[in-house]
2 protein chains.
Amino acid sequence: MSDLLQRLRGRGWRLTSQRRVVAEVLDGDHVHLTADEVHLRAAERLPEISRATVYNTLGELVTLGEVVEVSTVGRAKRYDPNARRPHQHLVCSGCGAVRDVHPVGDALGDLPEAERFGFTVGSVEITYRGLCPACS
Amino acid sequence: MSDLLQRLRGRGWRLTSQRRVVAEVLDGDHVHLTADEVHLRAAERLPEISRATVYNTLGELVTLGEVVEVSTVGRAKRYDPNARRPHQHLVCSGCGAVRDVHPVGDALGDLPEAERFGFTVGSVEITYRGLCPACS
DNA sequence: TCTTGACTTGGACGAAGTCCATCGTAGGAT
DNA sequence: ATCCTACGATGGACTTCGTCCAAGTCAAGA
């Protein structure tokens with residue numbers, strides 16, 4: 001993640017303490033925090049950081065393709081920093097916990113031409129749903 | 001969809017005019033309305049219907065498995081009445097248009113046991129993203 | 001037709017997220 | 001090393017989406 005900061009700087013990002021802290025909070029595997037959780041953890045290191053800044057920074061990271069928003073049904077968005085390595089998600093219907101998973105197969109290829117309706121299909125997002133060991 | 005009302009009645013649903021109107025609004029293929037859109041259209045036929053009733057009814061239809069919530073990133077939930085026929089979605093990144101699609105293959109089976117982390121995996125939701133003919 | 005409990009209503013409430021005017025500061029210019 | 005200034009941070013108001021609740025209404029069985 002530390003080279004993330006380098007990369008962003010190369011793209012003209014001004015490197016503020018707030019952005020550094022948000023990037024640090026997002027470091028690691030199987031990290032799928034909500035914006036509020038990111039704010040909470042960032043505030044442990046930088047107590048005066050505002051919610052708006054966290055939202056702004058997360059939005060910029062998403063635009064730059066460094067972080068992916070994980071779609072959730074009826075819950076707050078979660079942010080996944082592991083955007084460079086393609087993967088899918090397994091979500092607990094009970095508690096909302098998220099794991100990264102790597103299915104085999106070729107989901108993109110599984111969509112027949114006749115089912116594309118003239119769309120230029122670029123990506124596919126797969127969400128497995130179930131109950132985690134604690135919730136079942 | 002008209003037999004939907006019969007089925008629901010068989011399950012002990014009290015058949016009110018509000019519920020009838022919501023079910024009628026949801027009739028058809030490629031219907032993916034937000035709760036507010038459902039409310040708007042229902043109100044054209046039954047002006048006094050309340051938002052709370054629309055939310056309640058949609059929630060009940062989801063619980064009964066007659067309607068599926070389509071997860072969206074950052075926008076209001078959409079409700080898909082075509083729940084009996086399993087299908088996935090193709091979403092235009094430009095205008096947000098949604099089409100129902102039927103990929104081949106077995107996405108559930110494509111998730112290896114080692115990638116399930118002890119979860120009881122029950123369903124899989126696939127979203128293809130791309131540009132529709134009008135947007136590309 | 002009567003009765004009753006399930007259903008509806010509208011407004012208050014809450015969570016998640018955006019907007020905006022103002023202030024602060026990173027980092028290039030001098 | 002210091003100055004400048006445009007980019008970024010702040011926090012509070014606001015919006016959107018959705019839930020909750022007490023009181024009133026009505027579908028459908030007796």
Side-chain angles (χ1 to χ4, degrees), chain A residues 5-25 32-64 66-80 95-96 98, chain B residues 5-25 32-43 45-64 66-79 96:
Chain A
L5 295 175
Q6 292 309 315
R7 253 181 296 138
L8 295 175
R9 229 176 140 178
R11 299 205 215 182
W13 243 42
R14 185 178 290 185
L15 189 45
T16 67
S17 53
Q18 291 86 347
R19 286 173 168 181
R20 191 194 315 273
V21 165
V22 169
E24 284 170 7
V25 165
H32 306 91
L33 300 172
T34 64
D36 250 19
E37 288 165 349
V38 172
H39 180 227
L40 205 70
R41 298 192 187 194
E44 289 170 5
R45 307 186 192 188
L46 193 66
E48 294 317 308
I49 193 171
S50 73
R51 285 191 338 120
T53 297
V54 170
Y55 276 105
N56 287 341
T57 305
L58 289 172
E60 288 158 6
L61 289 170
V62 169
T63 300
L64 292 171
E66 298 289 347
V67 164
V68 167
E69 288 182 351
V70 180
S71 56
T72 56
V73 176
R75 298 174 186 272
K77 288 180 205 167
R78 289 181 177 274
Y79 292 88
D80 182 341
C95 63
V98 180
Chain B
L5 295 174
Q6 292 309 315
R7 253 180 295 137
L8 296 175
R9 226 172 142 181
R11 298 204 214 183
W13 245 41
R14 184 177 290 184
L15 189 45
T16 67
S17 53
Q18 291 85 348
R19 286 173 168 180
R20 190 194 317 271
V21 165
V22 169
E24 284 169 7
V25 165
H32 306 92
L33 300 171
T34 65
D36 249 19
E37 288 165 350
V38 172
H39 180 226
L40 206 70
R41 298 191 186 195
R45 308 186 192 189
L46 193 66
E48 293 318 306
I49 193 170
S50 74
R51 286 191 336 120
T53 296
V54 170
Y55 275 105
N56 287 341
T57 305
L58 289 172
E60 288 156 7
L61 289 170
V62 168
T63 300
L64 292 172
E66 298 287 349
V67 164
V68 167
E69 288 182 352
V70 180
S71 57
T72 54
V73 177
R75 305 234 119 261
K77 288 181 207 168
R78 290 182 175 274
Y79 292 87

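Computed from a predicted structure; not experimentally measured. By convention in this document, chain letters (A, B, ...) are assigned in the order of the sequence lines, proteins followed by strands, and residues within each chain are numbered from 1.
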Taking atom P of dT16(D) as reference, at what distance in whole Å does atom CD of E37(B) sit? 14 Å

How many Å lie between CD on E48(A) and C1' on dG12(D), as a whole number? 15 Å

Does this structure show an ion pair linking R11(B) with E60(B), if we count only N-O contacts that are shorter than 4.0 Å? no

R78(B) side chain to V70(B) main-chain N or O, any donor-acceptor pair under 3.5 Å? no

For the CG atom of L33(B) and the CZ atom of R41(B), what is their distance to the nearest 0.5 Å? 4.5 Å

Below 4.0 Å: OP1/OP2 of dT25(C) and any side-chain N or O of Q18(A): no

Would you say a side-chain N or O of T53(B) is under 4.0 Å from OP1 or OP2 of dT9(C)? yes

B/S/- along nucleotides 17-30 of chain D (protein heavy atoms under 4.0 Å) is SBBB-----BBS--

Once you round it to whole Å, what is the distance between P of dA9(D) and NE2 of H39(A)? 13 Å

L46(A) CG to dT25(C) P, straight-line distance once rounded to whole Å: 11 Å

Whole angstrom is fine here: how far is it from CG in L8(A) over to C1' in dG8(D)? 15 Å

Can a donor-acceptor pair be found, under 3.5 Å and without considering hydrogens, that links the side chain of H39(B) to the backbone of I49(B)? yes

Heavy-atom distance under 4.5 Å between the side chains of V22(A) and V38(A), does that happen here? yes

For the pair made of CG in L5(A) and P in dA26(C), what is the distance, rounded to whole Å? 15 Å

If you define the side chain from C-beta out and look only at heavy atoms, does anything of H32(B) sit under 4.5 Å from Y79(B)? no

